[in-house]
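Worksheet: the structure to be examined is printed underneath.
The shown structure was predicted, so the numbers you read here are calculated from the model rather than taken from an experiment.
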Amino acid sequence: MDEISKLLKEAKPLYFARKRRNNRIKALAAMLALVFMAGHFYPQKYTYVEYSFDNLEREIYLTENGSVIEDLGLPTDEFGLLMVG
């Protein structure tokens, strides 16, 4: 009975170290699987902007004279920037 106690005392740290290592490996594998699945199911938007030179003047005019913030109905200053205060 004494020899069994010595063997258990000797094996106890090794058992818990192996158990900790296996739990870390399982957690890492689960995390990688979740990241892969989240990346796979995440909706991706591919926007392809095509510029045509025939209405380039119109695009430049809208960019210079328009304001997205003003179009939303928010108060803007003379530069088309959001007015604070």
message: Tell me every residue that passes side-chain contact (heavy atoms from CB on, under 4.5 Å) with D2, counting only those two or more places apart in sequence or in another chain.
response: K6

statement: The remaining residues in the hydrophobic cluster of V84, counting side-chain heavy-atom contacts under 4.5 Å among Ile, Leu, Val, Met, Phe, Trp and Tyr, are none

statement: With sequence neighbours left out, the residues meeting side-chain contact (heavy atoms from CB on, under 4.5 Å) with R20 are F16, A17, R24

query: With sequence neighbours left out, what residues match F41 under side-chain contact (heavy atoms from CB on, under 4.5 Å)?
result: M37

- request: Identify, with sequence neighbours excluded, every residue that meets side-chain contact (heavy atoms from CB on, under 4.5 Å) alongside L28.
  value: M31, L32

- prompt: Does the side chain of K26 reach to within under 4.5 Å of the side chain of N23, using non-hydrogen atoms?
  reply: yes

